[in-house]
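See below for the structure under consideration.
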Amino acid sequence: MPEKRTIPAQSENFSEWYIQVVLNSGLAEYAPVRGCMIIKPYGYALWQNIQTELDRRIRETGHLNVYFPLLIPVSFFAREAQHIEGFAKECAVVTHYRLHWDAHQQQIAPDPDAQLTEPYVIRPTSETIIWHTFRKWIQSWRDLPIKINQWANVMRWEMRPRLFLRTSEFLWQEGHTAHATRQEAEQEARQMHQMYLEFFREYLAIEPYTGWKSPRERFAGAEQTYTLEGIMRDGKALQMGTSHFLGQNFARAFDVQFTTQEGTREYVWATSWGVSTRLIGALVMAHGDDHGLRLPPRLAPIQVVIIPIWGKDEPAVEDACQQIARMLQQAGIRTHIDLDREHRPGWKFHEYELRGVPVRIVIGPKDIQQRAVEVARRDTGEKQTLPWNDQLPTAIHDLLHTIHNTLLNQYKAFQQQITVEATSFQQMAQALQDGKVVCVPWAGSDHHEEQLQEQHNVTIRCLWTDDYEEPCIVTGQKTRVRALIAPAY
RNA sequence: CGGGGCGUAGCGCAGCCUGGUCAGCGCGCCGGGUUUGGGUCCCGGAGGUCGCCGGUUCGAAUCCGGCCGCCCCGACCA
């Protein structure tokens, strides 16, 4: 039986595979505006599952949710020099507050009489408006720390958009904190970085590389940027989250000082950190295969799909499906029954594989007779028959757990296998040529990094320290610092 | 911004070179029947000012000029 393939093989054309999986699995589709996407119910359910757990962890670590406005006066961006340099090129600007019918052009257009005296920027990130506000909120050491978070949309007018990975508008969570001491702010930035790592491991089944960014790759306005770098199945790195130690840069830019316990005046120390809908792109590219998505069970909108095989006695089959669904739902398992009569079972098997549903249960006349169900795993494709009894929900629950671990272990094995350690520039170049990502001793400068990009089209994704010293591959200087070098999204 | 591709039915496409029964196919949709343990099959039906503007011509989806938009690859970025 020839398979009707709607998506190309991953190995054939990864980029096209990615686009087709996103579109055909029902995660998202293109919007009328370039670079924007419509996040469809299935994709949004996935995002909401990410939100729910992440929000819990953010609040658990002492942060309160807030909402700041979408529009920011353009002058706010002039305050912090690096910040404006980083974002100016990609800002959408609101200049008018009214449309009118332009009789000359025969179209609706901004009313020239309704031009704003000061244009507003649609936020590309909220540091500026938040620090403008912090000035009002902070006078004394008693006002600190302030630890807030907001779930919002932001807009960055990207040159080259890509579904979920780099859309002009995207959804994210941005945390912003203010502290009395450098040490406390640094601690906060590292803590949230660690929180992301645990969340990725426990929910996305991805354990990315972690470390800090080189000065070149740092957030505009940060003193230190901590990052999480996942390696996708095509060997390219994807920045999955960041946490910035902002020093006193924004406090100085917005003149936010406080009176210490000793009565002196000091600038406030800051952090900001965030993850976005890009994580959905990471899930697709880290776990997906030729059949489509493979969603980690703790985030999957549908954890178990039940597919009936109708046979002669349809009511009996439907009833059996309902009973089992109820049993699973009562055990807290997100279960969906597909009672659609139009499509045959084979069609449905393919459909739910494309959509990455972790577990499929098939129920037909045979199963009813034997008081058993056929259970298939999306991650490995394995099928097994489980008895239809009180133990079923527990068995499925355990299976979901196993699937999570399998996905995580497969990811880790892949990441380990694609990573090579090099002790010379030559070795590194060869490994990159072979499609590997490379870990090297590094004490180079911005200049060396620029050369890497020009010559090999790769960047330093992150830096960390090892226990022993090795000579840097570009300077020969002994160093404990290691760099992960890879092509990136 | 550079390179490439595309715009014809809801979706995917053919037709364009060589202007004239070229308004066509597949999927989907609607109606009826059949089938259901890995993408059933058959019959009937609805649906398009061929991206926009202008030109050439007796005649333009097709040729010419201009404009607009989208996608892919690169430089920038979560």
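Taking the side chain of A/Glu351 as heavy atoms from C-beta on, and the options B/G39, B/A75, B/G37, the nearest nucleotide is B/G39.
In this pair, A/Trp172 does not lay its aromatic ring on the base of B/A78; centres under 5.5 Å and planes under 30 degrees do not both hold.
At the phosphate of B/C76, OP1 or OP2 sits under 4.0 Å from a side-chain N or O atom of A/Gln453. Listed pair A/Ser15 / B/C73 meets the phosphate criterion, a side-chain N or O lying under 4.0 Å from OP1 or OP2. Between A/Arg344 and B/U40 there is a side-chain polar atom (N or O) within less than 4.0 angstrom of OP1 or OP2. A sub-4.0 Å separation between OP1 or OP2 of B/G74 and a side-chain N or O of A/Arg160 is present. Side-chain nitrogen and oxygen atoms of A/Tyr18 include none within less than 4.0 Å of the OP1 or OP2 phosphate oxygen of B/C72. When the side-chain nitrogen and oxygen atoms of A/Asn24 are compared with OP1 and OP2 of B/C11, none of them lie within a distance under 4.0 Å.
Cation-pi geometry between A/Arg341 and A/Trp310 is met: under 6.0 angstrom from the ring centre, within 45 degrees of the axis. A cation-pi contact, defined as under 6.0 Å to the ring centre and within 45° of the axis, links A/Arg371 to A/Trp388.
Ion pair A/Asp434/A/Lys436 not flagged as a salt bridge, since none of the NZ, NE, NH1 or NH2 atoms sits closer than 4.0 Å to an Asp/Glu carboxylate oxygen.
For B/C77, its base sits under 3.5 Å from the side chain of A/Arg166 at one donor and acceptor pair at least.
Rounded to an integer number of Å, the gap from CD of A/Glu158 to C1' of B/C70 is 18 Å. Distance CZ (A/Arg162) to P (B/C77): 17 Å, rounded to an integer number of Å. The distance from atom CE of A/Met159 to atom C1' of B/C73 is 15 Å, rounded to the nearest whole Å. Between the CD atom of A/Glu16 and the P atom of B/G12 there is a distance of 12 Å, given to the nearest Å. Counting to the nearest Å, the P atom of B/A78 and the CH2 atom of A/Trp151 are 18 Å from each other. Between the NZ atom of A/Lys348 and the C1' atom of B/G39 there is a distance of 13 Å, given to the nearest Å. A straight line from CD of A/Glu29 to C1' of B/G12 spans 15 Å, rounded to a whole angstrom.
Among residues two or more places apart in sequence or in another chain, the side chain to side chain donor-acceptor pair (under 3.5 Å) test is passed with A/Thr225 by A/His244.
In RNA chain B, runs of at least 3 stacked Watson-Crick or G-U pairs (N1-N3 plus N6-O4 or O6-N4, or N1-O2 plus O6-N3, all under 3.5 Å) give these stems: B:1-7 with B:68-74, B:10-13 with B:24-27, B:29-33 with B:41-45, B:51-55 with B:63-67.
Within the nucleic acid shown, A/Gln239 comes within 4.0 Å of sugar-phosphate atoms alone, with no base atom in reach, counting heavy atoms only.
Position along RNA chain B of the nearest nucleotide to A/Phe219 versus A/Val33 favours A/Val33 as the more 5'-ward residue. Nearest-nucleotide assignment on RNA chain B puts the 5′-proximal partner with A/Asp367, out of A/Arg216 and A/Asp367.
Here A/His83 and A/Phe250 bring their ring centres to under 6.0 angstrom of each other. Aromatic pair A/Phe170/A/Trp172: centroids less than 6.0 angstrom apart.
Between the side chains of A/Asn149 and A/Gln173, at least one donor N or O sits under 3.5 Å from an acceptor N or O.
At most 12 heavy atoms of other shown residues, nucleotides or ligands fall within 6.0 angstrom of atom CD in A/Glu85.
With P as the reference atom, B/A46 and B/U34 are 24 Å apart, rounded to whole Å.
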